[in-house]
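All values reported here derive from a predicted model rather than from experimental measurement.
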Amino acid sequence: MRTVGDINMGINKKDVIRLLEKIAIYMELKGENPFKTAAFRKAAASLEADDRSLSEITNFTEIPAIGKGTAAVIEEFVEDGVSSVLEQLQEEVPKGLIPLLQIPGLGGKTIARLYKELNVTDVESLREVCAAGKLRKLKGFGKKTEENIKNALEQMGRQPDRFPIAYMLPFTEQIESYLKEVKEIKQFSRAGSLRRLSETIKDLDFVIATEHPKAVKEQLLKLDGEAAVSGDTKVTLHLQADYTISVDFRIVKPSEFATALHHFTGSAEHNVRMRQIAKERGEKISEYGVENTETGKVETFQTEKDFFKHFQLPWIPPEIRMNGKEIEHFSEAKQLIELADIKGDLHMHTTWSDGAYSLEEMIEACRKKGYEYMAITDHSEFLRVAGGLTPDRVRKQNEEIKALNEKYDDIFILSGIEMDILPDGRLDFEDELLSELDIVIASIHSSFFQPKSQIMKRLTNALQNPHVDIIAHPTGRLIGRRDGYEVDMDMLIELAKETDTVLELNANPARLDLAYSHLQKAQEAGVKIVINTDAHNISHLEYMDVGVSYAKKGWIRPGSVINTWKKDELLAFLKRGD
DNA sequence: GCCGTTTTCGGCCCGACTGTTTTCAGTCG
């Protein structure tokens, strides 16, 4: 039986985007004109940036970067489910060449030559050609190139392409503490996807300002690791950990620091857009400054803010420098949340369940951070592996917290719970117990592989309970490790709005859950957000920084986030259902 | 392949580094 669903099932927007990207990859491998290749990539990005669904778009050529040619490709694909352009390319280019693009130093042009001249069709045949020493005989190739490719082939498959940000942050901090000790360094900063706080990161980028580049370079080479690149302005190190971590240092003059930082922060699309804007004004942006193309005079800036100001733009936070559209859309009026806006942390654990520090130690740590309030939210009974609290224990902890509130007059401690949503949808505690607490977080820690309908039934039960204030880590994802359970995000957001339930941004860098696009949707729908560290350890309280930074990616404003509110406002809100 | 109120042809962001070359192509971010 054919249903409406079947008819629409065919091709969706994601499929089209993937098709265009695939065409670009094949063209690249064919050694096609790079601008033509880029045109397909641009078209894919532009389609993705368009808010409409495929069926809502009537004329593809209205979308920037999509012209007659690409529109015809899309239309054929949507109507027939196939693309003759892609099919043609696939006939000409062996599929096995695609993974070769992963090898550093190999681009489309080179791969095309390897195919034509040595009949390399996949990883295996490239390996053979290398082993036979045929590669070095090719014009423009040499022993070194062959060696590099051999090494890369050995690495392949062993090492992931990108690493979760949580994996990279400890390395970052180590490097930063080293850089702080190098006295010739005047100023340094994270750059690249690290500074933009991407969820996964390929390599670590730093920009360094100094008057003594040679001395700095020497110091950098003393860091553990092998130097892969070592030029006057750039040092690349390969740190050996579980994997090889690549770290780029860009060394510039202090006067060039602001423009270099902007340049190396990216994203690539953001930079392209900025340079186009400069060009329209008769200027040229490079990492060294802004050049007036007529006079040749190069202007540098004290800060990134001054750089943006030069183009009559507000300082755009690195976290939102993405597809270039932020340049048009961001204004200072849309002020995004800052760490200083945060007045408390509303999700943390103690030794009562699976935390590493006592109640009082966590309180002391939060006082040190200058918080106005905090919530203790240990696990509930169901989560036995985490030492979940029985109702009796909850009441006992509640009493203890009340007593501690007498002791401290500079911080208010909310008595709470992180209550499990059980696999069958029931909640772990009765309403009566919940009503005794200041704050109730509900979350899923079990049966991740249930169908979407059951997951949504569980979430719905939690959202509709008047005592539940927050849904923690709403999708359960762990970046780079698991996708999380199946959530109908539109439904979740709608329910959160209806029931005035808060959705959490879990600031643990391994989670960052909700994802920024969902945060953005939630905020647009008027749903309240909370940024919590879910600390199981005092040091985890520092994740607030990461959480706030990540929230910016969703263009989150302070007013949307309940833990920026004053204590009385917050308490009044939490009492709404009780 | 896309784009255009300086352009319908000739650009398309810009520069560093490597490995191979004796002046530069390809790759990378």
Q: Taking syn as within 90° of 0 and anti otherwise, name the glycosidic form of B/dT7.
A: syn
Q | Gap in Å between the two P atoms, one belonging to B/dG19 and one to B/dC12, rounded | A | 29 Å
(Q) Nearest whole Å is fine: how far is B/dG15 C1' from A/I285 CD1? (A) 14 Å
Q) For atom C1', what is the distance between B/dG11 and B/dT18, given to the nearest Å? A) 28 Å
Q) When the distance from CD1 of A/I66 to P of B/dC3 is rounded to whole Å, what number comes out? A) 9 Å
Q | First encountered from the 5' end of DNA chain B, between A/I103 and A/K234 | A | A/K234
Q) What is the nucleic acid contact for A/K139, judged by heavy atoms within less than 4.0 Å: base, sugar-phosphate only, or nothing? A) nothing
(Q) Mind checking if A/A65 touches a base, just sugar-phosphate, or nothing, with heavy atoms under 4.0 Å? (A) sugar-phosphate
(Q) Just N and O in the side chain of A/N271: are any of them under 4.0 Å from OP1 or OP2 of B/dC14? (A) no
**Q.** Pairwise C1' distance, B/dG10 and B/dT6 [rounded to whole Å]
**A.** 14 Å
Q.
Counting the atoms with a prime plus P, OP1 and OP2 as sugar-phosphate, which does A/Y288 contact under 4.0 Å by heavy atoms, base, sugar-phosphate, or nothing?
A. sugar-phosphate
Q. Side chain of A/E287: nearest nucleotide among B/dG1, B/dG15, B/dC17?
A. B/dG15
**Q.** Upstream residue (5' side of DNA chain B) when A/S286 and A/I111 are each assigned their closest nucleotide
**A.** A/S286
Q: Would you confirm whether A/Q159, through its side chain, and A/T244, through its main-chain N or O, come within 3.5 Å as a donor-acceptor pair?
A: yes
Q) Within the structure shown, what part of the strands sits under 4.0 Å from A/S230 by heavy-atom distance: base, sugar-phosphate, or nothing? A) sugar-phosphate
Q | More than 12 heavy atoms from other groups under 6.0 Å of CD on A/E56 | A | yes
Q. According to a strict under-4.0 Å criterion, is A/K284 in side-chain N/O contact with OP1 or OP2 of B/dG15?
A. yes
Q: Report the distance from atom CD1 of A/I531 to atom CD of A/E504, rounding to the nearest 0.5 Å.
A: 10.0 Å
(Q) Please report the distance, rounded to the nearest Å, between NZ in A/K30 and C1' in B/dG1. (A) 13 Å
**Q.** Residues in contact with DNA chain B, drawn from residues 300-329 of chain A - heavy-atom cutoff 4.0 Å
**A.** none
Q. Hey, does A/K36 reach any base, or is it just sugar-phosphate, or nothing, if we go heavy atoms under 4.0 Å?
A. base
(Q) Measuring from atom CZ of A/R281 to atom CD of A/Q312, what distance do you get when rounded to the nearest 0.5 angstrom? (A) 5.0 Å
Q) Relative to the ring of A/Y167, is the ring of A/Y243 parallel (under 30°), tilted (30 to 60°) or perpendicular (over 60°)? A) perpendicular
Q.
Suppose you measure atom C1' in B/dT27 against the same atom in B/dT20; what distance do you get, rounded to whole Å?
A. 14 Å
Q. Roughly how far apart, to the nearest Å, are B/dC13 and B/dC28 at atom C1'?
A. 14 Å
Q: Look up atom NE2 in A/H262 and atom CZ in A/F301, then write down how far apart they are to the nearest 0.5 Å.
A: 11.0 Å
Q: Describe the nucleic acid contact of A/I277 in one word from base, sugar-phosphate, nothing, applying a heavy-atom distance below 4.0 Å.
A: nothing
Q.
Counting only side-chain nitrogens and oxygens, does A/T236 get under 4.0 Å of the OP1 or OP2 atom of B/dC17?
A. no
Q: With heavy atoms under 4.0 Å as the rule, sort A/P104 into base, sugar-phosphate or nothing.
A: sugar-phosphate
Q: Determine the Euclidean distance between corresponding C1' atoms of B/dC3 and B/dT8; express it in Å to zero decimal places.
A: 10 Å
Q: Output the distance between atom CE (A/M322) and atom NE2 (A/H270), rounded to the nearest 0.5 Å.
A: 12.0 Å
Q.
Nearest whole Å is fine: how far is B/dT21 P from A/L138 CG?
A. 11 Å
Q | Pairwise P distance, B/dT22 and B/dG26 [rounded to whole Å] | A | 14 Å
Q) Please give, in whole Å, the distance from B/dG19 P to A/R136 CZ? A) 15 Å
(Q) Taking CZ in A/R481 as the centre, count heavy atoms belonging to other residues, nucleotides or ligands within less than 6.0 Å. Is the count above 12? (A) no
Q) Please give, in whole Å, the distance from B/dC17 C1' to A/K217 NZ? A) 11 Å
Q: Using atom types as modelled and distance alone, determine if a side-chain donor or acceptor of A/T265 lies under 3.5 Å from a backbone N or O of A/L261.
A: yes
Q. Nearest to the side chain of A/K109, which nucleotide is it out of B/dT27, B/dG29, B/dG1?
A. B/dT27
Q) Under the 3.5 angstrom rule, does the side chain of A/D80 hit a backbone N or O of A/V82 as a donor-acceptor pair? A) no
Q | Minimum-distance nucleotide (side-chain atoms of A/F35 versus B/dT27, B/dT20, B/dC12) | A | B/dC12
Q.
If you only use heavy atoms from C-beta on, which nucleotide in B/dC14, B/dG19, B/dT18 is closest to the side chain of A/K279?
A. B/dC14
(Q) Give me the distance, rounded to whole Å, that separates B/dC17 from B/dT21 when you measure between the C1' atoms they each carry. (A) 14 Å
**Q.** Spacing between A/E146 atom CD and B/dT18 atom C1', to the nearest angstrom
**A.** 17 Å
Q) Hey, does A/N33 reach any base, or is it just sugar-phosphate, or nothing, if we go heavy atoms under 4.0 Å? A) base
Q | A/D248 CG - B/dC28 C1' separation (whole Å) | A | 9 Å
Q.
Heavy atoms only, 4.0 Å cut-off, all strands: where does A/K68 land among base, sugar-phosphate and nothing?
A. sugar-phosphate
**Q.** Parallel, tilted or perpendicular, as decided by the 30° and 60° cut-offs, for the rings of A/F307 and A/F311
**A.** perpendicular
Q: Output yes when at least one side-chain N/O atom of A/T233 is less than 4.0 Å from OP1 or OP2 of B/dG15, else no.
A: no
Q: Using both distances under 3.5 Å as the test, list the Watson-Crick or G-U wobble partner of B/dG29, or none.
A: B/dC14
Q. For B/dG29, does OP1 or OP2 lie under 4.0 Å from any side-chain N or O of A/K202?
A. yes
Q.
Checking contacts here: which listed nucleotide (B/dT20, B/dC13, B/dG29) is nearest the side-chain heavy atoms of A/K144?
A. B/dT20
